[in-house]
2 protein chains.
Amino acid sequence: MSRTSYLDVKAVILGRIRSGELAPGDTVPGEAALAGEFGCARVTVNRALRELAGAGVVERRRRAGTRVLDPTPRDAAVEVPSVRAEIEATGAEYRYELLARRIAVPPRQVRAALGLGPRARALHLRCRHWAGASVHQIEERWINLDVVPAARKVDFAATGPNDWLIRAMPLSRVEHVFSAANANAAEAELLGLAPGAAVFVVERRTWIDGRAITRARLVHPGATHRLVARTQSPL
Amino acid sequence: MSRTSYLDVKAVILGRIRSGELAPGDTVPGEAALAGEFGCARVTVNRALRELAGAGVVERRRRAGTRVLDPTPRDAAVEVPSVRAEIEATGAEYRYELLARRIAVPPRQVRAALGLGPRARALHLRCRHWAGASVHQIEERWINLDVVPAARKVDFAATGPNDWLIRAMPLSRVEHVFSAANANAAEAELLGLAPGAAVFVVERRTWIDGRAITRARLVHPGATHRLVARTQSPL
DNA sequence: TGACGGAATATGTGCATACATATTACCCAT
DNA sequence: ATGGGTAATATGTATGCACATATTCCGTCA
């Protein structure tokens with residue numbers, strides 16, 4: 001007979017919630033009570049409940065106790081892979097192409113996004129990523145040279161800006177905004193699509209220590225691009 | 001002088017990784033060594049490192065020790081809100097409309113998604129969700145009546161199927177697929193858009209205990225719909 | 001009646017210790 | 001050399017204990 005593990009406690013509590021014995025809003029018995037019931041130490045129960053709280057199943061407050069939360073689906077985890085990995089995973093050959101590189105004053109919207117003044121200049125890149133013979137993504141990127149001065153000396157001919165930035169900067173915050181749009185003439189041309197074709201747009205912004213590093217607009221053919229998010233409820 | 005907390009240990013290790021003192025691939029000193037250095041118990045170090053591993057900062061293997069991982073951006077968390085909450089958050093009035101309800105044999109693709117046999121019937125719903133005077137989403141949904149027989153008796157006139165399902169079923173797994181498409185004639189009509197306008201499509205599937213409950217195709221006007229994902233690096 | 005303060009209580013966390021378990025390293029026999 | 005068994009080792013986890021801390025409850029006093 002082995003000792004009761006925190007995993008056992010976790011599983012039993014979760015079972016009671018699943019079966020309805022413990023309904024949303026109910027108070028879970030205290031750690032001491034459960035420790036008595038399971039014949040284990042209070043710390044063991046503590047760990048089980050702490051992990052359930054981390055998984056969003058219950059909510060814990062001192063003195064008030066542990067309550068079962070509404071089974072609102074947790075945030076879904078989206079894997080936002082690097083372009084290269086995404087393409088090579090399908091077996092297609094990945095090819096990167098730098099279309100333009102210049103230092104210029106960004107449009108007002110980008111300046112706002114990067115927290116730049118009205119006359120500040122930034123590095124602008126336009127790239128194209130191929131999956132075999134078809135375009136996978138076109139990338140319109142602005143890099144804040146105040147934060148990443150090293151980028152000024154990189155030509156980005158061989159390495160995509162995203163791969164380079166990931167290596168160069170320990171980015172602390174990333175935001176992705178997903179949307180759908182009709183391709184304008186320029187985008188359609190670069191993607192090899194008819195004007196007006198649906199495109200899947202990802203706008204990515206990254207920060208380090210609260211300072212905006214870069215803003216990228218990534219445009220994909222809508223017909224083929226898919227983004228998958230999975231939510232796994234605990235056990 | 002208070003005792004060293006696992007939070008202190010966590011912060012210091014994270015600082016060493018940030019500063020480069022511990023680079024990706026490096027082996028973090030063993031728990032015993034760190035416990036000695038910090039003058040705390042090994043269990044305290046253990047908890048700090050365990051949480052860092054949970055956050056994806058380090059990788060732990062018995063006997064092999066703890067290694068610093070590549071700072072690959074973690075999975076981004078997408079908040080997939082309930083339609084009602086999403087709309088009411090903007091201040092607009094939410095209205096739900098049931099357009100069709102029938103029990104029928106689903107198309108082959110849906111049967112496959114729900115794991116149904118060639119002649120199995122399922123509940124089909126078509127709904128429209130309004131945000132004030134504009135259409136926010138049209139919903140095409142199939143519900144597996146083998147798994148949710150109770151849905152047969154629900155008319156879904158007042159409550160949307162998603163709200164009802166969340167309440168009725170303790171779903172264990174959710175999958176969302178995001179994509180962009182051009183609206184076909186029927187969709188454009190229902191959304192009040194021109195045919196061919198870009199739409200943001202979410203396909204949602206949910207399971208309970210490995211059995212598929214429902215499959216929904218949610219279509220939004222591309223011009224207005226946005227989905228935001230944030231990744232927060234640990235402290 | 002209502003404001004305030006202290007007691008009661010549930011969770012939060014640290015420590016020393018002991019044992020479990022996975023995995024590597026090494027040594028020995030063939 | 002080589003294959004396999006075994007010891008060494010780092011992490012994993014359970015326990016009893018002690019104290020910390022947040023929050024609620026309740027009684028007291030104005």
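A, B, ... follow the sequence lines: proteins, then strands. Residue 1 opens every chain. These values consider heavy atoms only, across backbone and side chains, with no hydrogens, waters or symmetry-generated copies.
Dashed line: the shortest gap from a side-chain N or O of R60(A) to OP1 or OP2 of dG12(C) is under 4.0 Å. Residue Y6(B) has a polar side-chain atom (N or O) positioned under 4.0 Å from OP1 or OP2 of dT13(C).
Of all non-hydrogen atoms in E139(B) and N162(B), the two that sit nearest each other are OE2-N, 4.4 Å. Across every non-hydrogen atom of T4(A) and G39(A), the tightest pair is OG1-O, 4.0 Å.
Atom CZ in R67(B) sits roughly 14 Å away from atom P in dT23(C) (whole-Å rounding). Rounding to whole angstrom units, CZ of residue R3(B) and C1' of dG12(C) are separated by 12 Å. Here dG14(C) presents its P atom at 11 Å from NZ of K10(B), a figure rounded to the nearest Å. Straight-line distance from the CG atom of D8(B) to the P atom of dT13(C): 12 Å, rounded to whole Å. In this structure, R47(A) places its CZ atom 17 Å from C1' of dT11(C), rounding to the nearest Å.
The pair R50(B)-E59(B) fails the salt-bridge criterion, with no side-chain N (NZ, NE, NH1 or NH2) lying under 4.0 Å from an Asp/Glu carboxylate O.
Both the sub-6.0 Å distance and the 45° axial angle are satisfied by R173(B) relative to the ring of W207(B). Judged by a 6.0 Å distance limit and a 45° cone about the ring axis, R215(A) is not positioned over the six-membered ring of W142(A). Geometrically, R47(A) engages Y6(A) in a cation-pi contact defined by less than 6.0 Å to the ring centre and at most 45° from the axis.
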Please list each protein N or O that sits under 3.5 Å from an N or O in nucleotides 4-8 of chain C, with the distance.
none

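Taking the six-membered ring for Trp and the full ring otherwise, the centers of Y94(A) and W130(A) sit at least 6.0 Å from each other.
A donor-acceptor pair is defined here as one N or O able to donate and one able to accept, closer than 3.5 Å; such a pair exists between the side chain of D8(B) and the backbone of S5(B). Of the possible polar contacts, none joining the T159(A) side chain to the F156(A) backbone as a donor-acceptor pair under 3.5 Å is found.
Between the side chains of T214(A) and R141(A), at least one donor N or O lies within less than 3.5 Å of an accepting N or O. R60(B) and T66(B) form a side-chain donor-acceptor contact under 3.5 Å, judged by distance and modelled atom types alone.
Residues from residues 29-46 of chain A with heavy atoms under 4.0 angstrom of DNA chain C, sorted by number: G30(A), E31(A), R42(A), N46(A).
Between A64(A) and R50(A), the residue anchored nearer the 5' end of DNA chain C, judged by the nucleotide with its closest heavy atom, is A64(A).
Running 5' to 3' along DNA chain D, contacts with non-hydrogen atoms of chain A at under 4.0 Å begin and end at dT13(D) to dC25(D).
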